[in-house]
Each structure stands twice: as structure tokens, then as C-alpha cells.
Amino acid sequence: RERKMYMACRNDIHRYDAPFMAVYKSLIPAEEELEKQRQLMAQLENLVAKEWPHAKLYLYGSCANSFGFPKSDIDVCLAIEDDDINKSDMLLKLADILESDNLQNVQALTRARVPIVKLMDPVTGISCDICINNVLAVVNTKLLRDYARIDVRLRQLAFIVKHWAKSRKVNETYQGTLSSYAYVLMCIHFLQLRRPPILPCLQEMKPTYSVRVDNIRCSYFDDVGRLDNFGSSNRETIAELVWGFFNYWAYAHDYANTVVSVRTGSILGKREKDWTRRVGNDRHLICIEDPFETSHDLGRVVDKFSIRVLREEFERAAEIMHQDRNPCAKLFEPY
Ligand code: GTP
Ligand code: MG
């Protein structure tokens, strides 16, 4: 296959800033939706507190990381500091409690990779998954939200990328493509590496936040209110960044040898992580390091078939951004 690397953006790129901004704005959830989520959360907190007074409920995932689309389901983590709980028993008990409070479609999935209770709230129409003690997900949700507060271009870029990935069906981990979480990390990393940078590397700065979760120390600079001018010497706009992002993943990324790392704000070698060969089901064909669980490659789901699909989609997107007359419509054409 012919590989080309475009060195410069097309010279009419700024014509597309307004249409991309319109797409971005259309994807921001309305305030009423957030209010409904808070309402359901309050109800759940009430129910849980009656049975487990020391437990806490946290929102995580797209409903809390500021990269959520309208009408998303919400992800909730029940955190309880008790060494001898049995997760399955607790989920079954929780399912009973929820059902007797008129929540619908209540289902305990105790054998799933991440065991959960599912439910639907008939009042707000919101569906919800509750897991137990998945605290790392709560902490990485906070990291993403904190990055989003530094420069609005992260949220703009990530919304466009997620919308593209969903439209093109490359946001399906069970089919070997990447999770939304992986795409947001790719966007953060891309903005850390712009010159001048648009985002800092929070984990390389003096920590102001530090917690220990499942034996992993999670610490970083979270006083992001003090960083809101960080990216201001870089004047790149949304259309340029969308172009640059797809150009990078289509033509510039070294898939064979490198790992993208938000934790270090740099590109690492596969060798130093020992991700050079297949181990079990982890093939490491595209490597994205989890910022806290550093032995975890978010590209592990990608296999030799889906890597081709993914790379062809990156190339298609880069090509559209480079020369299509209406990139904003073409990029999101349903697969
Ligand atoms: P959408 O539902 O697609 O809008 O996005 P989402 O942000 O909810 O993403 P996703 O469903 O991919 O993941 C939900 C949350 O689970 C993420 O925000 C992470 O906190 C966590 N998560 C997802 N995948 C992983 C993973 O492989 N490792 C870890 N540690 N956390 C993950
Ligand atoms: Mg989700």
C-alpha cells in the first residue's frame, strides 16, 4: 500500500473550523440531561446508604469525564472499604434493593469480566451500570476530566474523533477496535506532543493529588485551574488538529516499534515495555499505555484483522481531511 505523509495542511483548512465547531456543539449534552443524571444518582445514593452506610457512589466513564455524548448510559462505581465482601453476593443484594424501588430491567451480571448490575430508571429513561470497587476507573475518569479543563481544544478534538469512530464502527472493543477511553488518551497524547504543546504532562509535574488504588500509586498535578493559559502560544484550530491527528495515525505513527504514553507525555519503545511479541491474547499491534496501570495496553483488543480495518479508517480520514471538498460530512458518513 502506498504510504504518504503530508507535511503541510491544505491551505484552505480554516474554512472547516466553523463546520467542525458546529458538529462539536451538536454533540454536547443538554443541561437537562445532566440534571436527570444527578437526580438518578441521588436516588441510588439514598438506597445504597440504607444498606451499606459506609459505601460511596462515584460516577465514572463518559458521564463524568466530560467526553460524554447525549443520551449516554451512566457508569457508577460503588466503593466500599471492606476486605471480606463477596462481590457477587453484594451485586445480587443490590439488584434486590433496586428492584424493590421500582427500577426496571434490573439484572446482575456476576460472571462478566467487570461484574455489574444493570438497571433502567423509568422516570428519567436513563440506563445505568453499577460495578463494585473499580476505583481505578474513577481515578482515570478524574484524570481525563482534569485534562479537559486545561484547553477546550481537547474536548473539541475528542468529540470529533469519538463521533468519527462511532460512525465508522471502529469503537467496538468486542470486534477488536478501540474503546472511547483509548481514543481520548490518543487525543491527549497528540496534544501533549504539539509544538508548542497544547497540553502538559500532569503526571510529570509536582503532584497535588495522590491516592493508592489496588497497590498502584496514582499521583499527578490536579490544580489545573492554574494551567488555563498553558496552550495559548499554540494557535492551532480544530480543523488543523483533526487533520494532524488523522495524519499522525495514518502515516506517521511507528506501529512496529512504539507505544504512546500519556503518563510520560512521550513516545516509548515497545522494547522497554516488553511489548514486542504476542503474550496470550495481547498482540500489541497498536500500543496505548494506560496512565496508571502501566502494564495495561489499551490496544490489546486489536488483532491482525482489526488492525487493518483501523489503519484503513485512519488513512481514509486523513485523505478526506487532506483533500475532500466537504470533509465535515464525508468524515462521519456511516460505515
Ligand atoms: P462512551 O460510553 O463510548 O461514550 O465512552 P466512555 O468514556 O464511557 O468509555 P468506555 O466505555 O470506553 O469506558 C468507560 C470507563 O471505563 C473509562 O472512562 C475508563 O474510566 C474505564 N475504562 C475503560 N476501558 C478501560 C480499560 O481498558 N482499562 C481501564 N483501566 N479502564 C478502562
Ligand atoms: Mg460508557
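First listed ligand is number 1; within each ligand, the first listed atom is number 1. No hydrogens, no waters, no symmetry mates; every other heavy atom, side chains included, goes into these values. Sequence positions, counted from 1, serve as the residue numbers for this chain.
- Contact between R145 and A64 at its shortest, heavy atoms only, is NH1-O, 3.0 Å.
- The distance between the ring centers of F69 and F159 falls below 6.0 angstrom.
- The shortest N/O to N/O separation between Y60 and ligand 1 does not fall below 3.5 Å.
- Neither the backbone nor the side chain of T173 has a heavy atom within less than 4.0 Å of ligand 1.
- Within ligand 1, the atoms closer than 4.0 Å to a non-hydrogen atom of K166 are 1 (P), 3 (O), 4 (O), numbered from 1 in the order shown.
- At the top of the distance list for atom 28 (N) of ligand 1, counting protein heavy atoms only, stands H296 NE2, 3.2 Å.
- Atom-to-atom distance recorded for R263:CZ and L202:CG is 14.0 Å, nearest 0.5 angstrom.
- Within the 4.0 Å heavy-atom criterion, neither part of L136 lies near ligand 1.
- Taking distance alone, with nitrogen or oxygen atoms compared against 3.5 Å, A137 approaches ligand 1 more closely than that limit.
- Per-residue contacts place S179 under 4.0 angstrom from the following atoms of ligand 1 (heavy atoms of the residue considered): 12 (O).
- Checked against a 6.0 Å centroid threshold, the rings of W249 and Y183 do not count as neighbours.
- Within 6.0 Å of CZ in R195 there are more than 12 heavy atoms belonging to other residues, nucleotides or ligands.
- Between the side chain of D214 and the backbone N or O of I216 there is no donor-acceptor pair closer than 3.5 Å.
- Within a 6.0 Å sphere centred on CD of E35, other residues, nucleotides and ligands contribute more than 12 heavy atoms.
- In this structure, atom 20 (O) of ligand 1 has a protein heavy-atom contact shorter than 4.0 Å.
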**OP:** Kindly indicate, with the supporting measurements, whether the criterion side chain to side chain contact (heavy atoms under 4.5 Å, CB included) is fulfilled by F20 and L331.
**Re:** CA-CA 11 Å; F20 274 117; L331 201 58; 3.9 Å; yes

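- Considering only non-hydrogen protein atoms, atom 30 (N) of ligand 1 sits nearest to E293 OE1, 3.3 Å.
- Aromatic ring centroids of Y16 and W243 lie 6.0 Å or more apart.
- Set against the non-hydrogen atoms of K162, the atoms of ligand 1 under 4.0 Å away are 1 (P), 4 (O), 5 (O).
- Here the protein heavy atom with the shortest distance to atom 14 (C) of ligand 1 is G61 CA, 3.8 Å.
- For ligand 1, the polar-atom distance check against S180 finds a nitrogen or oxygen pair separated by under 3.5 Å.
- The nearest heavy-atom contact from the protein to atom 31 (N) of ligand 1 is N140 ND2, 3.5 Å.
- For ligand 1 and N65, the ligand atoms under 4.0 Å from any heavy atom of the residue are 7 (O), 18 (O).
- The protein non-hydrogen atom at the shortest distance from atom 8 (O) of ligand 1 is S62 N, 3.0 Å.
- Expressed to the nearest 0.5 Å, how far CE of M41 lies from SG of C63 amounts to 8.0 Å.
- Within 6.0 Å of NZ in K273 there are more than 12 heavy atoms belonging to other residues, nucleotides or ligands.
- Considering only non-hydrogen protein atoms, atom 25 (C) of ligand 1 sits nearest to Y181 CD2, 3.6 Å.
- Close contacts of ligand 1 with L298, meaning ligand atoms under 4.0 Å from a residue heavy atom, involve 26 (C), 27 (O), 28 (N).
- Under 4.0 Å from ligand 1, the heavy atoms of R300 that appear belong solely to its side chain.
- Under 4.0 Å from ligand 1, the heavy atoms of D75 that appear belong solely to its side chain.
- Counting heavy atoms closer than 4.0 Å to ligand 1, residue D73 contributes nothing at all.
- Heavy atoms from other residues, nucleotides or ligands lying under 6.0 Å from CG of N102 number 12 at most.
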